[in-house]
> 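This is the structure I have questions about; it appears just below.
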Amino acid sequence: PSLGKYFDNTTVFLGKYLGTDIFMELLLQMRASDPFDDSVRNLGGILVEPEFNLAFQTPFFMLEWGFFPRNPGELFIRDNTFTFSWGFTY
């Protein structure tokens with residue numbers, strides 16, 4: 001028995017507005033890891049997958065930057081995303 005059994009498929013979400021136009025969020029997803037798989041780094045049988053996002057509201061569009069640290073061997077270059085979105089209200 002490990003902690004992964006109790007925290008399997010658990011998600012922790014934290015969000016905070018920084019001023020009026022920037023929203024910061026942190027998402028931690030936890031799942032049970034295979035105890036016989038040595039290639040995966042786990043913490044007491046729990047595999048933790050963090051995500052970090054910043055959303056900037058501009059007058060014309062919303063810009064989001066997301067960081068999902070998964071590939072340290074590539075200096076996390078492929079783990080960044082940028083998203084532009086806009087909408088119309090009438």
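We're numbering straight along the sequence, starting at 1.
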> Supply the atom-to-atom distance N53 CG to L26 CG, rounded to the nearest 0.5 angstrom.
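Atom-to-atom, N53:CG and L26:CG are 9.0 Å apart.
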
> Any side-chain heavy atom of M30 within less than 4.5 Å of one from E49?
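They are not in side-chain contact.
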
> Extract all donor-acceptor atom pairs below 3.5 Å that involve side chains of residues 8-21 and protein atoms in other chains or at least two apart in sequence.
unit_1, atom_1, unit_2, atom_2, d
D8, OD1, A32, N, 3.0
T10, OG1, F7, O, 2.9

> Taking a hydrophobic cluster as the set of Ile, Leu, Val, Met, Phe, Trp and Tyr residues connected by side-chain heavy atoms closer than 4.5 Å, whether directly or through intermediates, do F56 and F52 fall within one such cluster?
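Yes, same cluster.
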
> Sequence neighbours excluded and cut-off under 3.5 Å, please list the side-chain donor-acceptor pairs for residues 63-80, or say none.
unit_1, atom_1, unit_2, atom_2, d
W65, NE1, N80, OD1, 3.1
R70, NH1, P50, O, 3.1
N71, ND2, D79, OD1, 3.0
E74, OE1, R78, NE, 2.8
D79, OD2, R70, N, 2.9
D79, OD2, N71, N, 2.9
N80, ND2, F76, O, 3.0

> Hey, any chance F23 and F60 share a hydrophobic cluster, counting ILVMFWY side chains that come within less than 4.5 Å of each other, even indirectly?
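As far as the 4.5 Å side-chain criterion goes, F60 and F23 are not connected within one cluster.
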
